[in-house]
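Bear in mind that the values here come from a model prediction, so they are computed numbers and not experimental data. One-based numbering, in listed order, for ligands and for the atoms of each. All values below come from the heavy atoms of this structure, side chains included, with hydrogens, waters and symmetry mates left out.
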Amino acid sequence: MIQLSKDSRLGDIIDHPVGHDMCYRLLLELGLNPLLLKNKLLRRLRFRTLAKFSRGQLDDAFMESFFRLLNIEKERPVNRTGEPTPAWWKEATIYQIYPRSFCDSNADGIGDLQGIIGKLDDLKALGVDALWLSPIYRSPDDDNGYDISDYYDIHEDFGTMADFDELIAELEKRDMRLIMDMVLNHTSDEHAWFQEALRDPQSPKRDYYFLRDVASPKRITDKNFHAHGHDDLSPPNNWTSFFRGSAWRYFPDEELWGLHLFSKKQMDLNWESEALRDEIMKILHFWLEKGVSGFRLDVINYISKAEGLPDGNETIGAMLSFYGIEHYVFGAKLNEYLRDMQARAFTPYRAFTVGECPGVGREMSKLLAGEERGEMDLVFSFDHLENPGFTRWDDYCYDLNYYKQYMINEQEALGSNHWMSLFFENHDNPRMISKVNPDPSVREQLGKLLALLLFSMRGTVFLYQGQELGLVNEDFRSMDDIRDVESLNYYQEKVAEGKEEQGWRDVMAGSRDHARTPYPWNDQPYAGFSSVKPWIESSSSNRSNHLKAQQADEQSIWHFYRRLIDIRRRHKGLVYGDVKFMKKKKRHYWACYRTYGDKRYFIEANLSDKPIKRPTGKPQGHLIISTHDRHKRTLQPYEASIIEL
Ligand code: TEU
Ligand code: CA
């Protein structure tokens with residue numbers, strides 16, 4: 001295997017899986033079109049030539065970090081041809097529930113397990129096959145359950161283990177499955193392991209975390225660190241947290257630094273520890289024994305950190321606004337750790353796994369979830385959620401033409417041994433309809449278009465609660481309405497920089513709370529979510545689009561989703577069929593064929609809010625589903641349909 005270096009041609013770098021995905025991200029970050037990766041002239045350039053034009057940005061230190069990251073990975077993905085192997089999770093529609101905000105059964109303003117159990121018939125009526133629950137384990141809720149303090153117990157706000165067992169049984173009765181959210185990159189600082197590790201220098205648990213003593217020579221580069229009042233001390237390296245500030249928290253009593261990539265109460269676990277990995281296997285077995293069908297693995301690509309925890313590169317840090325990421329985004333032992341879990345926990349139970357992998361793109365996903373790899377089944381990557389040049393905090397209108405280009409790129413480059421996760425929403429992102437076009441008069445049309453685009457591609461569809469109602473972003477009135485630790489910290493930082501107004505605008509654009517407000521069930525107070533004031537409140541526009549009204553209206557977004565799920569169940573060609581896009585260059589126009597055995601489908605859509613001419617004339621065939629009931633020569637705004645040929 002050749003080592004890549006600054007003398008390598010860009011083409012060779014792009015043909016490397018990590019090189020490809022990193023260059024893709026880099027172009028997005030720079031606001032450039034990722035299609036550039038296919039440019040023949042560019043592919044022949046040597047990296048150092050490119051670096052020369054970067055006005056010193058891509059300096060030697062940058063190149064060293066960049067190529068170190070690339071050269072860690074020695075393997076190349078393989079693309080198989082032929083038909084994909086059938087699997088239940090490829091055909092399934094998986095529905096994500098954010099338990100705090102789904103349904104409150106005991107009038108404390110917080111959703112719970114009995115609330116979910118009471119609504120299973122509605123979910124069955126929609127047609128979903130499996131539920132994915134955001135974490136329901138014991139937690140002090142610094143990050144709403146993503147900070148686990150006991151992996152073997154249910155959060156008291158959500159109920160008891162008996163409620164959980166009942167949920168499993170009720171799901172089984174309805175032929176539905178359960179997928180648990182498993183957070184293994186970090187635990188709460190209140191977890192017994194961490195408490196013991198902190199207190200007792202002799203404890204083997206000390207090795208479960210990244211705890212370092214004060215006598216560290218390195219200086220922090222993060223300007224916000226000083227705002228936290230540790231002026232005289234320096235943390236072990238310059239890594240920063242995704243939730244702002246240094247990634248190191250100082251424990252004054254013990255005179256120790258602890259690493260946390262997320263909030264300061266989410267302490268990173270050290271997977272180098274074999275004893276820790278044994279504990280993790282036990283946890284997985286415990287839940288598999290209870291009958292769960294699989295796991296969504298939280299930030300699983302971050303679990304292998306570079307030896308010695310070296311400083312992050314300044315250029316990469318400045319570019320991504322996070323320092324140190326290259327030292328854990330795709331660590332040297334990641335594949336090994338995943339295979340270990342697969343062999344010891346998942347395979348024996350035939351469990352399904354989807355890994356949440358921020359920063360991982362198409363080619364790295366093939367290494368993490370290729371069928372022959374023995375690592376995971378699926379990956380969530382996020383390169384489609386924002387347009388090039390924008391981040392989640394930016395207030396802009398998402399152009400669906402980028403999504404089209406992204407999907408063409410993905411679907412045509414995957415082998416039959418690869419499978420894609422299809423989603424627009426989750427608990428970490430604003431609502432997709434609002435991103436694309438916040439005009440309330442197009443909400444229904446656009447909601448249906450997005451639904452049809454999801455269900456007509458090759459991959460597994462994941463829905464997030466409320467997406468099937470076409471919910472939109474909230475109109476929060478002030479920071480008092482915001483609950484999320486990420487938004488709160490982000491805003492704090494802006495205030496400290498004297499950019500209060502900017503902070504509020506960014507939070508309104510990107511807050512994760514837009515997706516975390518109560519599910520609207522009916523026209524009762526609090527939309528039937530609870531009989532008391534909920535922990536976070538939603539706007540009247542979302543409350544009025546409640547499930548009950550949509551179930552009563554055959555034309556609603558909810559019925560449209562219900563029909564799509566049903567169609568996908570009856571037409572396996574829409575799941576497994578080969579994908580071929582047409583008229584790729586025509587702006588706003590989406591057209592593709594799906595072929596499976598002797599079945600053929602044509603999917604056509606208008607991605608814009610203006611009518612466009614059908615380039616091919618009126619398609620012939622049997623209309624399976626359409627956002628508009630009559631086919632005309634022009635495609636109406638956001639019109640979309642599936643035709644069986
Ligand atoms: O998210 C990981 C992640 O990187 C982001 O999607 C995150 O929401 C944020 O935008 C980082 O800037 C996962 C969970 O989905 C998220 O809810 C948790 O907060 C996070 O991990 C920590 O467990
Ligand atoms: Ca409750």
Using a strict 4.0 Å cut-off to heavy atoms of [X], name the atoms of ligand 1 that fall inside it.
X    : value
Q266 : 22 (C), 23 (O)
R516 : 17 (O)
H186 : 22 (C), 23 (O)
V299 : 2 (C), 21 (O)
R392 : 9 (C), 10 (O), 12 (O)
D143 : 18 (C), 19 (O), 20 (C), 22 (C), 23 (O)

For atom 4 (O) of ligand 1, which of the options P358, S321, C357, P135 provides the nearest non-hydrogen atom?
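Minimum heavy-atom distance to atom 4 (O) of ligand 1 goes to P358.
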What protein heavy atom sits nearest [atom], and how far away is it?
atom                    : answer
atom 6 (O) of ligand 1  : D428 OD2, 3.4 Å
atom 12 (O) of ligand 1 : E486 OE2, 3.1 Å
atom 1 (O) of ligand 1  : E356 OE2, 3.0 Å
atom 13 (C) of ligand 1 : D298 OD1, 2.9 Å
atom 8 (O) of ligand 1  : R512 NH1, 2.8 Å

At under 4.0 Å between heavy atoms, which part of [X] makes contact with ligand 1: side chain, backbone, both or neither?
X    : answer
R296 : side chain
F243 : side chain
R244 : neither

Do R249 side-chain atoms and G258 backbone N/O form a donor-acceptor pair below 3.5 Å?
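Such a contact is absent between R249 side chain and G258 backbone.
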Please check this pair: side chain of D484 against backbone of D513, looking for a donor-acceptor N/O pair closer than 3.5 Å.
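Side chain of D484 to backbone of D513, a donor-acceptor pair under 3.5 Å: no, none is there.
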Ionic contact status for [Y] with [X], cut-off 4.0 Å:
X    : Y    : value
K265 : D189 : yes
E493 : R244 : yes
D506 : R392 : no
K333 : E272 : yes
D121 : K119 : no
D142 : K264 : no

Supply the atom-to-atom distance [X] [atom1] to [Y] [atom2], rounded to the nearest 0.5 angstrom.
X    : Y    : atom1 : atom2 : answer
L133 : L113 : CG    : CG    : 7.0 Å
L276 : K205 : CG    : NZ    : 10.0 Å
I94  : W89  : CD1   : CH2   : 9.0 Å

Which of the N/O/S atoms in D108 sits closest to the Ca ion (ligand 2)?
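The closest N, O or S atom of D108 to the Ca ion (ligand 2) is OD1.
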Measuring from the Ca ion (ligand 2), name the closest N, O or S atom belonging to D104.
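Nearest N/O/S atom: OD1.
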Are any N, O or S atoms from S530 nearer to the Ca ion (ligand 2) than 3.0 Å?
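Looking at S530, which is the residue asked about, there is no N, O or S atom under 3.0 Å from the Ca ion (ligand 2).
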Can you tell me which residue among F242, F330, Y337 is in a ring-ring contact (aromatic ring centres under 6.0 Å, His included) with Y302?
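The single option meeting the ring-ring contact (aromatic ring centres under 6.0 Å, His included) with Y302 is F242.
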What angle sits at the Ca ion (ligand 2) between OD2 of D112 and O of I110, to 10°?
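Here the angle at the metal atom is close to 90°, to 10°.
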